[in-house]
There are 2 protein chains.
Amino acid sequence: MLDHRSQCSVMNFLNEVSSTIPSAVSLASGRPSERFFDKLDPQVLLNALVVYERYSAGGHGGGRLLSHLLQYGRTAGIIGELVAQQVRSDEGVPARADRVLITSGCQEALALCLPALCPEAADVLLVCNPTYIGATGAAKAARVAVTALCNSVPCVAEAVELAVLQLRQSGRKARALYLIPDFDNPTGRVLDKASRCDILQVCARNRIIVLEDNPYRLFRYEGDEIPPMAALDEVGSVIYLSTFSKTLSPALRVGAATLPDTIFGDARACRALWENLVQRKSFVSLNTSHITQAIVAGLLIEQAASLRGWIRPALDWYRANRDVMLRQLDSVFSPFPEQIRWNRPSGGFFLSLDLPFRFGADSVDECARRDNVIVMPMSFFALDNSQDCRIRLAFSAVTPKQIRTSVTGLGRYVARRLGRELPSFVDGLAEG
Amino acid sequence: MLDHRSQCSVMNFLNEVSSTIPSAVSLASGRPSERFFDKLDPQVLLNALVVYERYSAGGHGGGRLLSHLLQYGRTAGIIGELVAQQVRSDEGVPARADRVLITSGCQEALALCLPALCPEAADVLLVCNPTYIGATGAAKAARVAVTALCNSVPCVAEAVELAVLQLRQSGRKARALYLIPDFDNPTGRVLDKASRCDILQVCARNRIIVLEDNPYRLFRYEGDEIPPMAALDEVGSVIYLSTFSKTLSPALRVGAATLPDTIFGDARACRALWENLVQRKSFVSLNTSHITQAIVAGLLIEQAASLRGWIRPALDWYRANRDVMLRQLDSVFSPFPEQIRWNRPSGGFFLSLDLPFRFGADSVDECARRDNVIVMPMSFFALDNSQDCRIRLAFSAVTPKQIRTSVTGLGRYVARRLGRELPSFVDGLAEG
């Protein structure tokens, strides 16, 4: 477990390890692969701007940017209609343009929503444990109290119920629940439909807003999609957070928060929340860059408001990477069948691996130095010590060859920690 | 005076008035003129990207964006060196690249600095009264207490001293002072060098950090420049906030906070503040868009790190506009020599005008409806009732002709409020 300061130093720490040991392969970074950024060369960006310009001029655009595009603009953004279409068609969320707040990346959406939903000192954000560092970090920065859901009850809905009761006893109130239901960062976990419905029920009963963060939803490698919680929501309890960082590029810094039509049936409460968020945004960034908004919009226009076609090559690449990682884990860790376990996520960028020993910052360092692989201790994402024997492995930003050598390196490290030797056949796998 | 909610509704209110009375000329908006945005057509933006790409590749760039540019990146930004050069050469601030935090517009810099400088409930931000709404708004959003400096003491330094004493009596502590020393928004006021030095002395004695916001500094129309407070600072007490919104375009959303080398002589305290700000930024926006950073950088490279040449046509335009406004005010208000007074700012976008009656939201509405001019009540920027009889007039985003007709309209409104008639020669001035 890391305190606030240390949580934020995770990236610094990993960067330091990488720069000290440049030969080490990093399975720590959950960045999108850069090999698909070719599609966004400067000419494509320019073209997207021109496409949006023509669209927003009703087809009458000349060769110049509309002057309003280079001016200050609407706080909530200028591309809400196109983003609503994309969120509806790609993610199955019933988004209305006038409920879409365009943000400077999804991180800003979190930074706006958390203090708006938890304005009082007694208000609490519930999070899974482990969870995305950016959520707990945004909460701390906004002085919003965080309570981790208990992992020893069988399901999230029950854990929420338990947390509500425990908080009530200390005079506090759960106001929001942060969740990544599809291919969670850091665990890779997917919540099934029944779990989603149960959580929604518990949250509705306790008037808890669900912040559904879904950066990996479009990266499903097989199996049927499960409806997002915002689509299952019948009472107005889900704010849906989406981003173009994984589908297009993180450099755009364009994301969105989509509000429901009402908050627990109350349209005025929803209007008040909307105004609260817009006001907060005006004091954080005035508005998201029109240039990057226009680029996103131009690309959406050209893609008929669906990015499924655009991301297909990346999706195929990530799927193949996941398969390579799973195969390599199967091979490398077959000598340790009971002690080492991992999940097999059907999408996303990550999986989690359980070890029979603690894996902390020292371990990262040793593993990088001696075994040429950098992995992420799950404790970096945890609110207690329960995750000390787990690691997160990301397969998004590496090549199949790098996955094979690095998983083999990890196997060597694990064998050493367990006082055993890795069978010699495993080394051969790295070249396979 | 407006409460927090109302302050934020100012833009909505003005937009509503404009859309109800589209013929009314707005002297309320302090936006940069759009007529110089032509210089930033899409091809220029593309070219800037390519120039930066080549620069950051050490001259070896091809036709593709460097893949790292489209990836997540350094929280503090990637163009600190170029921005430091520009801030040094154009604004006279001794900026070091490793102390430049690139932000998503200057508004984000405020949103990061205020809670970092005022972490405790007893910590207070001092502001002039009236002051920029974005500063008080960012403070309120971050739950930072604000105290307005008293206007009845002769100078800002004394007002700071007085505020420190009064706060101390209630167990509170002034931690930061927000100031726009050059061509203040909303008043147009310039602090002379002696005042700046006095303020720095008082602040150093009381360990108050000055947040020097300087969006209009480059827009001086005559007279000698006065050194920025960050250049006069000898002890490490000034954070300098700069922006490209007025010089290049607000659509870029690129600004910067430049820290001193030490905080009151303490290099470690400065390092801790830097890390605090970077951490906060990571939880608000991860990093500022690389695309807009690269555009700014490309333009800076082409302009040899000085925007003085780039803004010259705009500067000449704003100066001429100010002259037209001052001449028209002289003519229109000559029948009311004592009752109506205004300042003659030597730069910036605004001047302030004192009236012998209250001018509130109702007045805006009537003035727009009957006299076809929209002006900004100074009370919208105030923390008490002291500004109820003043208005802010912006001359940046209108044409000379619009200035003449609107100031004449304002004259007609004022005459009516005073139960007098505007001499008939004044109407002729509107056409002049």
Side-chain angles (χ1 to χ4, degrees), chain A residues 4-5 8-9 11 31-32 34-35 37-38 40-43 45-46 49-50 53 63-65 67-73 75 104-105 107-108 110-111 115 134 137-143 245 249-254 275 278-280 282-292 294-295, chain B residues 4-5 8-9 11 31-32 34-35 37-38 40-43 45-46 49-50 53 63-65 67-73 75 104-105 107-108 110-111 115 134 137-143 245 249-254 275 278-280 282-292 294-295:
Chain A
H4 184 212
R5 192 186 150 74
C8 186
S9 314
M11 289 317 297
R31 298 175 163 204
E34 291 172 13
R35 64 176 47 220
F37 290 165
D38 285 10
L40 286 178
D41 71 27
Q43 198 58 50
L45 299 178
L46 169 68
L49 268 178
V50 174
E53 167 192 298
R64 296 174 19 187
L65 273 187
S67 58
H68 82 258
L69 206 59
L70 290 163
Q71 189 55 278
Y72 289 105
T75 305
S104 302
Q107 187 65 39
E108 190 191 46
L110 276 172
K140 292 260 172 65
R143 305 188 210 185
S245 291
S249 154
L252 293 162
R253 309 307 312 125
V254 177
E275 280 168 10
V278 170
Q279 177 176 297
R280 286 179 186 277
S282 76
F283 294 134
V284 166
S285 62
L286 297 185
N287 56 252
T288 298
S289 166
H290 284 178
I291 294 171
T292 56
I295 291 171
Chain B
H4 184 215
R5 189 186 152 72
C8 185
S9 314
M11 290 316 297
R31 296 172 165 207
E34 290 171 13
R35 64 177 47 221
F37 289 165
D38 286 10
L40 286 177
D41 70 26
Q43 198 58 50
L45 299 178
L46 169 68
L49 269 178
V50 174
E53 164 192 298
R64 295 176 16 188
L65 274 188
S67 58
H68 80 258
L69 205 59
L70 290 163
Q71 190 55 279
Y72 289 103
T75 305
S104 303
Q107 187 65 41
E108 191 190 47
L110 277 172
K140 292 257 173 66
R143 304 189 210 185
S245 292
S249 153
L252 293 161
R253 310 306 312 126
V254 177
E275 280 169 11
V278 170
Q279 177 177 295
R280 285 178 187 277
S282 77
F283 294 136
V284 166
S285 62
L286 297 184
N287 58 252
T288 298
S289 167
H290 284 178
I291 293 172
T292 56
I295 290 171

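A quick note: this is a predicted structure, and the numbers were derived from the prediction, not measured. By convention in this document, chain letters (A, B, ...) are assigned in the order of the sequence lines, proteins followed by strands, and residues within each chain are numbered from 1.
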Inset, instruction - In sequence, state the C-alpha distance, the side-chain angles, and the governing distance for B:R253 and A:I291, and then conclude on side chain to side chain contact (heavy atoms under 4.5 Å, CB included). - result: CA-CA 9 Å; B:R253 310 306 312 126; A:I291 294 171; over 6 Å; no

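Among all heavy-atom pairs drawn from A:S67 and B:E34, the shortest one is OG-OE1, 3.0 Å. The shortest non-hydrogen separation linking B:E53 to A:P42 is OE1-CG, 3.9 Å. For B:Y72 against A:S245, the heavy-atom pair with the smallest separation is OH-CB, 3.3 Å. Contact detail for B:A251 and A:S289: the closest heavy-atom pair is O-OG, 2.7 Å.
Comparing A:T292, A:V254, A:L252 by how many heavy-atom pairs each has under 4.5 Å with chain B, the most go to A:L252.
A distance of 11.0 Å separates OG of A:S104 from CG of B:N287, quoted to the nearest 0.5 Å. Atom CD of B:Q279 is separated from atom NZ of A:K140 by 9.5 Å, given to the nearest 0.5 angstrom. To the nearest 0.5 angstrom, A:R143 atom CZ is 7.5 Å from B:R143 atom CZ.
Taking B:A111 as the reference, A:V284 meet the side chain to side chain contact (heavy atoms under 4.5 Å, CB included) condition, with sequence neighbours excluded. Under the side chain to side chain contact (heavy atoms under 4.5 Å, CB included) criterion, B:A294 pairs with B:L49, B:Y52, B:L69, sequence neighbours left out.
Listed for the B:S249 side chain is a donor-acceptor partner under 3.5 Å among the backbone atoms of A:L70. Panel note: side chain B:Q71, backbone A:P32; a donor-acceptor pair is recorded below 3.5 Å.
Contact annotation for B:L110: neither backbone nor side-chain heavy atoms come within less than 4.5 Å of a heavy atom of chain A. When heavy atoms are compared at a cutoff of 4.5 Å, A:T288 approaches chain B solely by way of its backbone atoms N, CA, C and O.
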